[in-house]
Amino acid sequence: MKLNSLLTAGILLAVSTPAFAAKDLGFYLGGQVNQTSLEDNIGVLDESAKGLGVYGGYNFNDSFGIEAGVFATDSFVDEVDVRMAAFSLSPVVRHAFTESVTGYLKAGLVLNRIYSDDDEIDDSYQGTGWLFGAGVDVTITESLALRVFYEINETEPENSELDNYYADISLVQYGIGLHYRF
């Protein structure tokens, strides 16, 4: 609920902020807060957790860029400590609706790691998969922008001890970010 309130406040701030000409070309770096939902296709996992991340990229022109991101989650399961960390890399297609509002779509590669350092479970699963995302960047100042986003990724985790584990892991995340354009 707190993240939903934070998203609402971010959107209201973005709408009430005066328009600044965006400095869209070049490098940018930011941080994000997100709500994640994790499930697998065999029904063992269906959990959610809060997450934090860092993202950055380079905009080659007004319509195209590349972005990388790293994020990690809090524990998905209350009884045991199960977390996820991921790295993503994707091209980004952008469209400026106004001088201060830019929408984007991205699709790319994601490397996920689900792990537990709990006393009862000490296991990890890695997987490579795909990522789709969409969002809106709203210019707050010439170099600072607020981001509202939604992403989904799917991977097939691998574990050396479980050769027959064929569950696809789907992760959905939405949240807000704030980045600086250099």
Side-chain angles (χ1 to χ4, degrees), residues 1-4 6-7 10 27-60 64-94 103-137 147-179:
M1 286 297 173
K2 290 181 182 180
L3 186 59
N4 290 337
L6 194 56
L7 281 171
F27 290 101
Y28 59 94
L29 180 65
Q32 67 187 34
V33 177
N34 53 9
Q35 176 67 36
T36 61
S37 174
L38 179 71
E39 65 180 49
D40 64 11
N41 64 352
I42 60 174
V44 176
L45 283 174
D46 188 6
E47 302 291 336
S48 62
K50 305 277 188 265
L52 292 173
V54 176
Y55 63 94
Y58 186 82
N59 292 323
F60 298 103
F64 183 74
I66 191 161
E67 184 171 291
V70 176
F71 78 90
T73 68
D74 192 7
S75 183
F76 283 101
V77 183
D78 293 334
E79 295 80 28
V80 292
D81 187 22
V82 176
R83 300 171 187 265
M84 175 182 254
F87 169 77
S88 65
L89 182 64
S90 52
V92 179
V93 177
R94 304 170 336 114
Y104 70 88
L105 297 172
K106 64 182 183 177
L109 177 70
V110 66
L111 305 169
N112 284 342
R113 180 171 181 249
I114 300 171
Y115 62 96
S116 176
D117 294 330
D118 198 276
D119 292 337
E120 298 175 22
I121 300 173
D122 187 15
D123 212 353
S124 69
Y125 304 89
Q126 292 92 23
T128 304
W130 51 264
L131 163 89
F132 289 117
V136 175
D137 291 340
R147 171 174 283 193
V148 179
F149 68 92
Y150 176 85
E151 293 180 1
I152 183 169
N153 69 61
E154 189 162 324
T155 59
E156 185 176 317
E158 300 168 3
N159 184 306
S160 59
E161 296 174 12
L162 297 174
D163 292 332
N164 294 326
Y165 186 71
Y166 295 110
D168 289 336
I169 301 292
S170 296
L171 179 81
V172 173
Q173 61 180 334
Y174 62 92
I176 60 170
L178 190 65
H179 62 264

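Side chains are part of it too, since the values below use all heavy atoms of this structure and drop only hydrogens, waters and symmetry mates.
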Inset, instruction - Go through the steps to decide whether Leu171 and Phe71 satisfy the test side chain to side chain contact (heavy atoms under 4.5 Å, CB included), and finish with yes or no. - result: CA-CA 12 Å; Leu171 179 81; Phe71 78 90; 3.2 Å; yes

Inset, instruction - For side chain to side chain contact (heavy atoms under 4.5 Å, CB included), just list the numbers for Val92 and Asn59, CA-CA rounded to whole Å, side-chain angles, deciding distance to a tenth of an Å, and then say yes or no. - result: CA-CA 8 Å; Val92 179; Asn59 292 323; 5.6 Å; no

Inset, instruction - With side chain to side chain contact (heavy atoms under 4.5 Å, CB included) as the test, would you mind laying out the steps for Gln173 and Gln35 before giving the verdict? - result: CA-CA 5 Å; Gln173 61 180 334; Gln35 176 67 36; over 6 Å; no

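Residues Thr155 and Gly129 share a closest heavy-atom pair of CG2-N, 3.5 Å. Residues Asn34 and Leu52 approach most closely at OD1-N, 3.7 Å, considering heavy atoms. A pairwise comparison of heavy atoms in Asn112 and Ala86 identifies OD1-CB, 2.9 Å as the closest pair. Between Trp130 and Ile152, the shortest heavy-atom distance links the atoms CZ3-O, 4.0 Å. The heavy-atom pair separating Ser90 from Ala107 by the smallest distance is CB-O, 3.5 Å. Pairing each heavy atom of Phe64 with each of Pro91, the nearest pair is CE1-CB, 3.7 Å.
Here Leu178 contributes atom CG and Arg147 contributes atom CZ; the two are 10.5 Å apart, rounded to the nearest 0.5 Å. To the nearest 0.5 Å, the span separating OG1 on Thr128 from CG on Asn153 amounts to 11.0 Å. Taken from OG1 in Thr73 to NZ in Lys50, the straight-line distance is 11.5 Å, to the nearest 0.5 Å.
When each of Tyr28, Tyr104, Phe149, Phe27 is tested with His179 by the rule ring-ring contact (aromatic ring centres under 6.0 Å, His included), just one qualifies, namely Tyr28.
For Ala68, the side chain to side chain contact (heavy atoms under 4.5 Å, CB included) partners are Phe87, Leu89, not counting sequence neighbours. Partners of Ser170 according to the side-chain hydrogen bond (donor to acceptor under 3.5 Å, both in side chains) rule, which considers only residues two or more places apart in sequence or in another chain, are Glu154.
Looking at Leu131 and Lys106, their side chains come closer than 4.5 Å, going by heavy atoms from C-beta outward. The shortest side-chain heavy-atom distance between Leu105 and Phe132 does not fall under the 4.5 Å cut-off. The side-chain heavy atoms of Thr36 and Met84, taken from C-beta on, include no pair separated by under 4.5 Å.
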